[in-house]
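Chain letters run A, B, ... following the sequence lines, proteins first, then strands; residues in each count from 1. Note that the coordinates shown come from a computational prediction; the quantities given were computed from them, not determined experimentally. Heavy atoms only: backbone and side chains are in, while hydrogens, waters and symmetry mates are out.
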Number of protein chains: 2
Amino acid sequence: MSVTLKDVAQAARVSVSTASRALTGTGLTSDRTQQRLVRIARELGYRPNPIARGLKTGQSRLVALLVHNLTNASFQVMAEVVQARLKALGYQMLLCIGGDDPQQESDTLTTLVDHRIDGLIVVPTGKNGAQLKTLAKDVPIVCLVRRDDATDLETVLADDPQGAYLGTRHLIELGHTRIGLIVGRQDTTSGRERLSGYVRALREAGIARDDTLIHAGHYVPETGASCCRKLLDLSRPPSAIFVANHEATLGVLRVTAERNIAIPDDLSLLCYEDMPWFEWHRPAISIVDNGARDLANLAVDRLLHRMDAKGNGSEGVREYRVGARLIKRDSCRQVDTPAPARSAKPKSSSSKSSAAKSAKA
Amino acid sequence: MSVTLKDVAQAARVSVSTASRALTGTGLTSDRTQQRLVRIARELGYRPNPIARGLKTGQSRLVALLVHNLTNASFQVMAEVVQARLKALGYQMLLCIGGDDPQQESDTLTTLVDHRIDGLIVVPTGKNGAQLKTLAKDVPIVCLVRRDDATDLETVLADDPQGAYLGTRHLIELGHTRIGLIVGRQDTTSGRERLSGYVRALREAGIARDDTLIHAGHYVPETGASCCRKLLDLSRPPSAIFVANHEATLGVLRVTAERNIAIPDDLSLLCYEDMPWFEWHRPAISIVDNGARDLANLAVDRLLHRMDAKGNGSEGVREYRVGARLIKRDSCRQVDTPAPARSAKPKSSSSKSSAAKSAKA
DNA sequence: CGATAAACTGCAAACGATTGCAGAAACGCT
DNA sequence: AGCGTTTCTGCAATCGTTTGCAGTTTATCG
């Protein structure tokens, strides 16, 4: 079917081994024959068979990226970045979707290693630490975005504590003192870390932590909606809400729209992680950018490094943090009263909510 | 490193060939030895090496999906569907991103075939017909969503004419007679087809086509915004806008928000292709669903069929159309005056928009 | 019980590359 | 010219499987 090395060798009247050496550039050939072979190979349209090569060398030129889904905008840009970087180096990216499901993750991992991937970047569920640990002996692995505590794998993380701190401080600087937080479950690292950043900013500003303002739950729109309702129904509702996840943001936007709460006039809104439509939304939504692009790039850097370094891993650093940054758009507003809100601004909120009620019914 | 067939054979005190036959189930072994081998293989944790196997069989158990990007929600669900289906059959999906760029597409295709993929589902740019045609001799290929006219490849398409027709008719049934259309460039199939569906619905309803209501451009938010402005600035602006692409929708939403145009009261909005946040938007956005899920499933079906059928392709049907369907949400509204709009509905629109204005300002 | 067919098993050659080893050619030097 | 180096080249083994062929066992039946 396709042209093999043997064909090339025959056409050039040399042995297969010479042909191989000439084409792979394993120096041991004279310049003359080398060039001749390269020319002939091109003429014949020879393309090395990665499978055969892989069998001998144990490499596949395949690098896998295992993420939870493709719905998450962060994962999208990560996938695109990884793909671009790898392709430039002659690797093919194997993009796999694990669905944040340990079983599926485990299956996929097995298949990938079967296929003798040369490297793996994985967003771990955290439930397959043992397996990952084992696999890491055979394949360079870098964890991305999430840590798997059961392993000591090199891990590239977003700086969630800092991001949450940055966001919260921004709101504080705008004069907000009652800041609602809708955050991820507290059994996830990101959930805990984002909460801690929020708390730290509050503490630094000398604002007492109020647990009625803090709601944790799954990263889905429904959670966002219900948490948002609870916050708004408080006797002293917050003047700003910090939503630590973009999925939840959907729910929040829905609820505020339903209740005709104007953003940022009645309520400031700050989100974590960007979505393409955030800047087209009206008002454009301010965010804390977790730096997906940087994360992906760093992960690739680290992976390549390990792939080069062959077996001799373990050089100290096991955890990298990529800084978050604040992107100010139009959904947060300076608050009139820098002093702690009394049962302030009852006019706007009450009038609005009644209007909403009528609009809905 | 890992357990090979030889190890299993040795442990079972049979030859490698017997082991191979027992494990692959190529019938020619006694039940007893077969079961024994299976057991031993499991005990030893034997996993066949797909590379070695591939070398011999010429197959890789890899199926590639080549799409333009991951930003497009349709591609996301397609990728997820394809991945799920293939995995269930023991294939690994190779997801590749071509960026709608012919050069990149071409490179990727070459790499993929080098890797001896067993099948390919591709959203073609349309510029690499010759190459695709050649590759199709070696690998089963199915085109998805777009046709490459230079080939006679089996193609699974959305029924854009019907989708556009359905959407337009829906708006007409709601009493709209001036319906703006923001559609893709007319040098793309989908652009032309969506326009044709729109035109047909108009014709059937006896509504004269008005070219000032039709705007074509790239599928990006900016286009949506500028086209939307042009439509709104018309002396007789449309009472409904049909946006034939979700990216453009972003621009439209922005502009309507900027101008305090209430949807659906002042303007009905209907979009093509779903986005996860459409139903969380307020108002939830009605759409024509192009059936990404069905498209992907059908493409997989066809691909599997060809992969089974080995070489003997060409059995007539080369083009499949997957029906679109209308999903009514809250962004389209019955128009008061079934008669052609004069500068009608000043009451509702003005009252609403002023309300909106106050709420926002 | 012996012959014949059926069922099973093993040997060895592939698949298409890479690579250690040893022989051959080219070169420099005296 | 002869010798020692250096540089090239080819042979053959190897990676882990699959598979045609031939040989061996077991079953079947008269």
Side-chain angles (χ1 to χ4, degrees), chain A residues 1-38 40-41 44-62 90 110-111 113-118 138-139 310, chain B residues 1-38 40-41 44-62 90 111 113-118 138 310:
Chain A
M1 177 138 303
S2 59
V3 188
T4 89
L5 193 54
K6 202 164 107 189
D7 301 331
V8 178
Q10 254 160 20
R13 325 198 109 267
V14 296
S15 73
V16 210
S17 27
T18 307
S20 168
R21 278 186 276 253
L23 296 177
T24 52
T26 327
L28 307 136
T29 41
S30 66
D31 281 4
R32 264 177 47 72
T33 46
Q34 155 129 6
Q35 284 171 16
R36 199 161 59 91
L37 277 167
V38 168
I40 297 188
L44 263 51
Y46 167 72
R47 312 231 75 225
N49 181 334
I51 301 205
R53 177 178 288 175
L55 180 56
K56 182 68 201 191
T57 62
Q59 314 218 303
S60 60
R61 307 250 85 191
L62 254 30
T110 316
T111 322
V113 185
D114 281 354
H115 277 281
R116 300 297 188 274
I117 48 169
D118 291 347
D138 293 348
V139 178
K310 298 272 172 186
Chain B
M1 177 136 305
S2 59
V3 186
T4 92
L5 194 52
K6 202 164 110 190
D7 302 330
V8 178
Q10 255 159 19
R13 326 197 110 266
V14 296
S15 72
V16 209
S17 28
T18 306
S20 168
R21 277 188 277 254
L23 295 178
T24 54
T26 327
L28 306 136
T29 41
S30 65
D31 281 2
R32 263 178 46 75
T33 46
Q34 155 128 5
Q35 284 170 14
R36 197 162 61 92
L37 277 167
V38 169
I40 297 188
L44 262 53
Y46 167 71
R47 310 234 75 220
N49 181 334
I51 301 204
R53 178 178 288 176
L55 180 57
K56 183 68 195 182
T57 62
Q59 316 219 303
S60 59
R61 306 250 85 192
L62 252 32
T111 321
V113 184
D114 281 353
H115 276 282
R116 301 296 188 276
I117 49 168
D118 291 348
D138 292 348
K310 298 271 170 186

S.K.: In whole angstrom, give the distance that lies between atom CG of B/L55 and atom P of D/dC15.
M.R.: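 After rounding, the gap between these two atoms is 14 Å.
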
S.K.: Compute whether any side-chain donor of one residue and acceptor of the other, for B/T57 and B/R116, lie under 3.5 angstrom apart.
M.R.: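 No, no side-chain donor-acceptor pair sits under 3.5 Å.
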
S.K.: From the set C/dT19, D/dC21, C/dG16, return the single nucleotide nearest to any side-chain atom of A/A52.
M.R.: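 Shortest atom-to-atom distance from the side chain points to C/dG16.
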
S.K.: Go through A/V38 and A/L23 one step at a time and tell me if the side-chain contact (heavy atoms from CB on, under 4.5 Å) criterion holds.
M.R.: CA-CA 6 Å; A/V38 168; A/L23 296 177; 4.0 Å; yes

S.K.: A/P50 near the nucleic acid: base, sugar-phosphate alone, or nothing, with a heavy-atom cut-off under 4.0 Å?
M.R.: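 Nothing, no heavy atom under 4.0 Å.
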
S.K.: Which whole-number value in Å describes the distance from B/I51 CD1 to D/dT14 C1'?
M.R.: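 Atom-to-atom, B/I51 to D/dT14, this comes out as 15 Å.
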
S.K.: Going from CG on B/D114 to CG on A/N49, what distance comes out if it is rounded to the nearest 0.5 angstrom?
M.R.: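 Interatomic distance, B/D114 CG to A/N49 CG, rounded to 0.5 Å: 8.0 Å.
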
S.K.: A/K56 NZ to C/dT18 C1': how many Å, rounded?
M.R.: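 The answer, rounded to whole Å, is 5 Å.
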
S.K.: Among the candidates C/dT9, C/dG10, D/dT17, find the nucleotide nearest to the side-chain atoms of B/T33.
M.R.: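 Looking only at heavy atoms from C-beta outward on B/T33, the closest nucleotide is C/dT9.
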
S.K.: Rounded to whole angstrom units, what separation is found between the CZ atom of B/R116 and the P atom of D/dT18?
M.R.: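 Rounding to the nearest Å, CZ of B/R116 and P of D/dT18 are 18 Å apart.
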
S.K.: Let me know the distance between CD of A/Q59 and P of C/dT18, rounded to the nearest Å.
M.R.: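 From A/Q59 CD to C/dT18 P: 12 Å.
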
S.K.: Just how far is it from atom CZ of A/R53 to atom CD1 of A/I51, taken to the nearest 0.5 Å?
M.R.: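 It is 12.5 Å, given to the nearest 0.5 Å.
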
S.K.: Verify the contact: side-chain N or O of B/S15 to OP1 or OP2 of C/dG10, cut-off strictly under 4.0 Å; return yes or no.
M.R.: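 Answer yes for this pair, as a side-chain N or O of B/S15 is under 4.0 Å from OP1 or OP2.
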
S.K.: Quick one: B/K6 NZ to D/dT18 P, roughly how many Å, whole number?
M.R.: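 Checked: the NZ to P distance equals 15 Å.
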
S.K.: It should be established whether A/T4 places a side-chain nitrogen or oxygen under 4.0 Å from OP1 or OP2 of nucleotide C/dA17.
M.R.: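 Yes.
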
S.K.: Specify the separation, in whole Å, of atom CZ of A/R61 and atom P of C/dG16.
M.R.: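 So the CZ-P distance, A/R61 to C/dG16, works out to 21 Å.
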
S.K.: Does B/R53 put a side-chain nitrogen or oxygen below 4.0 Å from OP1 or OP2 of D/dT18?
M.R.: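 Yes, because at least one side-chain N or O of B/R53 sits under 4.0 Å from OP1 or OP2 of D/dT18.
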
S.K.: Between A/S20 and B/T57, which is nearer to the 5' end of DNA chain C once each is assigned its nearest nucleotide?
M.R.: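 In this pair, the answer is B/T57.
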
S.K.: What is the distance, to the nearest angstrom, from the CZ atom on A/R21 to the C1' atom on C/dA22?
M.R.: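 These atoms are roughly 12 Å apart.
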
S.K.: Out of D/dT19, C/dT18, D/dC11, which nucleotide sits closest to the side chain of A/S17?
M.R.: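 Output: D/dC11.
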
S.K.: Would B/T111 and A/R61 count as a side-chain contact (heavy atoms from CB on, under 4.5 Å) here? Give the steps.
M.R.: CA-CA 11 Å; B/T111 321; A/R61 307 250 85 191; over 6 Å; no

